[in-house]
There are 2 protein chains.
Amino acid sequence: MNFQKRKRIILDKLTDMGEASVKELADEIGISEITIRRDLLILAGEGLLYRTHGGAMRLDLVKTPTNFTNKIASNAEAKDHICRLAARHIQEGDTIFMDCGSTVFRLCQFIKNKEIHVVTNSLPVLQELMDSSVKINLVGGEVDKERQAVHGKIAEEHIARYHFDKAFLGVDGISAAKGLSAHSELEAGITLTAAAHAEETYLLCDASKIGKDKYLQFAPATLANVIISNKKTEAVLDLAKAGLTVITD
Amino acid sequence: MNFQKRKRIILDKLTDMGEASVKELADEIGISEITIRRDLLILAGEGLLYRTHGGAMRLDLVKTPTNFTNKIASNAEAKDHICRLAARHIQEGDTIFMDCGSTVFRLCQFIKNKEIHVVTNSLPVLQELMDSSVKINLVGGEVDKERQAVHGKIAEEHIARYHFDKAFLGVDGISAAKGLSAHSELEAGITLTAAAHAEETYLLCDASKIGKDKYLQFAPATLANVIISNKKTEAVLDLAKAGLTVITD
DNA sequence: GTACATTTGTTCAAAAATAATCAATTTCGA
DNA sequence: TCGAAATTGATTATTTTTGAACAAATGTAC
């Protein structure tokens with residue numbers, strides 16, 4: 001019985017049962033426990049399973065469920081870096097718009113103590129700034145429970161009544177060639193309207209989204225004045241050539 | 001039973017129930033309480049739950065320090081009685097307005113499963129109806145952090161764009177002689193606007209407020225069509241004489 | 001406010017699982 | 001066939017996990 005064969009048996013058992021103990025596997029395969037442990041160490045190293053005390057589990061069972069509102073956002077450090085940079089561009093007295101992207105949300109922690117005026121359509125942003133020195137104006141309209149935001153025609157009309165010093169927006173994809181793209185028409189509408197009524201438009205966008213195009217292309221990249229990201233990749237430099245101010249540190 | 005498995009069970013229980021006690025979890029999982037405590041300590045450290053005395057809560061339930069979500073609200077039974085009556089007057093398909101009073105807030109629990117459309121300027125109401133079958137429209141405008149509501153001129157203009165089948169409103173005082181009174185101009189403005197655009201206006205008002213006058217008198221009692229209260233006091237009968245429909249049971 | 005009960009943190013001990021070391025076995029190529 | 005390298009197993013030491021006991025802290029009732 002060689003390693004390859006045991007590997008197959010172990011992984012099969014895991015796909016089947018979800019988990020397995022060292023003892024079980026040793027008995028089933030007819031080999032010593034220590035060998036099983038060594039096998040599990042290797043397989044865990046290859047990222048094929050999760051090693052627990054006494055056995056192993058399938059990876060998907062270990063993943064922390066994401067349906068917590070305070071989800072451990074992916075790319076948290078990158079996003080925090082971006083937001084730290086963005087916060088430097090916000091002066092006391094500014095009126096800013098914040099949209100409902102997960103990157104923009106992380107800007108909250110950096111502006112809590114500023115004396116500014118925030119207009120937003122994002123319910124998590126509202127929640128987060130509730131106990132802060134920030135004055136908040138909420139955009140009215142239809143509540144999108146899934147996205148935890150306010151959207152729709154009335155929301156856009158409402159945004160259009162304001163004038164912002166700066167708008168901080170997230171998009172799902174951006175490229176020099178095809179411009180800004182989004183997953184949702186509703187979000188695109190908000191983004192367009194906010195940008196149209198802002199002195200300066202900042203896009204907060206981690207490097208993974210730059211150079212990517214999503215299904216709905218809704219504006220040229222030059223809708224924004226500034227793009228703040230975490231890495232100076234090829235795709236980012238293309239945007240600089242297109243006339244955008246790029247900030248990465 | 002390893003930590004990963006317990007973690008799953010604990011988090012699942014929390015997503016389901018919102019909260020769980022150490023004892024419950026220990027019994028359910030079949031392990032000692034101290035182990036559960038250690039697990040909760042770790043999970044709280046990972047930001048996956050909020051540790052309370054004797055157990056744990058889901059984060060999103062903690063984050064909302066909604067002043068009147070707690071059941072210790074004054075006059076809770078009276079208010080619940082009033083709201084139960086009010087809920088009977090709401091039909092499937094209705095579009096209703098709910099304002100930011102603590103009595104009106106308690107109406108939420110009785111309408112969660114109705115297929116209706118709710119327009120509100122109250123953030124606790126929004127929060128409470130977030131996971132329900134109700135469609136929500138949020139009134140936009142200035143956020144009043146203390147009252148947890150949206151107020152102001154823009155809010156009133158926004159309300160004026162809608163038409164409601166029924167408006168459910170709270171006031172701080174009401175008497176046949178001096179009409180409706182409030183503590184705050186902002187709330188009075190919302191009340192007036194909502195009533196003006198509703199087919200029928202319901203006042204939800206426990207007996208302690210009836211016959212009382214607060215500093216700002218802003219409308220005649222006949223602004224409302226119906227008043228729902230918990231007791232048939234002298235002052236309530238005066239309102240009936242003034243032409244209001246009175247409901248107390 | 002005090003007194004009481006509950007919950008928690010801490011320390012210690014026992015049990016289980018693991019890592020480390022070394023010996024035995026197998027495999028493979030010259 | 002011989003020997004080096006890899007694999008496997010056994011033994012021991014270490015680490016991790018769990019539970020129990022008790023003092024401290026917290027919440028509750030009066």
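Within every chain, numbering begins at 1; the chains are lettered A, B, ... in the order of the sequence lines, protein sequences first and strands thereafter. Nothing here was measured: the structure is a model prediction, and the numbers come from that model.
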Please write out each protein N/O paired with an N/O of nucleotides 25-30 of chain D under 3.5 Å, distance rounded to 0.1 Å.
residue	atom	partner	partner atom	Å
D/dT26	O3'	B/H53	NE2	3.1

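- Looking only at distances, no side-chain donor or acceptor of B/Q148 sits under 3.5 Å from a matching main-chain atom of B/K145.
- A donor-acceptor pair shorter than 3.5 Å can be found between the side chains of B/D213 and B/S175.
- Side chains of B/K112 and B/S133: a donor-acceptor N/O pair is absent below 3.5 angstrom, by distance only.
- Remark: P of C/dT27 and CD of A/Q4 are 15 Å apart, rounded to the nearest angstrom.
- With respect to B/D39 and B/K7, no salt bridge is recorded, no charged nitrogen being found less than 4.0 Å from a carboxylate O.
- D/dT18 atom P lies 10 Å from atom CD1 of B/I36, rounded to whole Å.
- Test B/F110, B/F97, B/Y202 against B/F168 for ring-ring contact (aromatic ring centres under 6.0 Å, His included) and you get one pass: B/Y202.
- What separates CD1 of A/I29 from P of D/dT7 is a distance of 16 Å, to the nearest Å.
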Give every pair of a protein N or O atom and an N or O atom of nucleotides 11-15 of chain C that lie under 3.5 Å apart, one pair per line with the distance.
none

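- Relative to the side chain of A/V22, the nucleotides D/dG19, D/dT8, C/dT18 differ in distance, and C/dT18 lies closest.
- Atom-to-atom, CD of B/E24 to C1' of C/dT7 comes out at 15 Å; the value is rounded to the nearest Å.
- Distance alone, capped at 3.5 Å, is enough to place a donor-acceptor pair between the A/D172 side chain and the A/H183 backbone.
- The backbone N or O of B/I31 lies less than 3.5 Å from no partner atom in the side chain of B/T35, so there is not a single donor-acceptor pair.
- Within 6.0 Å of the OH atom in A/Y50, the count of heavy atoms belonging to other residues, nucleotides or ligands does not exceed 12.
- Distance NZ (A/K5) to C1' (D/dT7): 16 Å, rounded to an integer number of Å.
- When the side-chain nitrogen and oxygen atoms of A/T35 are compared with OP1 and OP2 of D/dT8, none of them lie within a distance under 4.0 Å.
- When atom types are taken as modelled, the side chain of B/R58 and the backbone of B/T15 share a donor-acceptor pair closer than 3.5 angstrom.
- Atom CD in B/E33 sits roughly 7 Å away from atom P in C/dT7 (whole-Å rounding).
- Close to D/dA10, at under 4.0 Å from its OP1 or OP2, lies no side-chain N or O of A/R37.
- Between B/N2 atom CG and D/dT18 atom P there is a gap of 8 Å when expressed in whole angstrom units.
- Not a single donor-acceptor pair under 3.5 Å links the side chain of B/H151 to the backbone N or O of B/E185.
- For B/K23, whose side chain is taken as the heavy atoms from C-beta onward, the closest listed nucleotide among D/dG19, C/dT7, D/dT8 is C/dT7.
- For A/H53 and B/F3, the ring centers are positioned 6.0 Å apart or more.
- Between the side chains of B/H117 and B/N137, at least one donor-acceptor pair of N or O atoms lies under 3.5 Å.
- Contact check of residues 43-52 of chain A against DNA chain C (heavy atom, cut-off under 4.0 Å) returns A/R51, A/T52.
- A straight line from CE of B/M1 to C1' of D/dG19 spans 16 Å, rounded to a whole angstrom.
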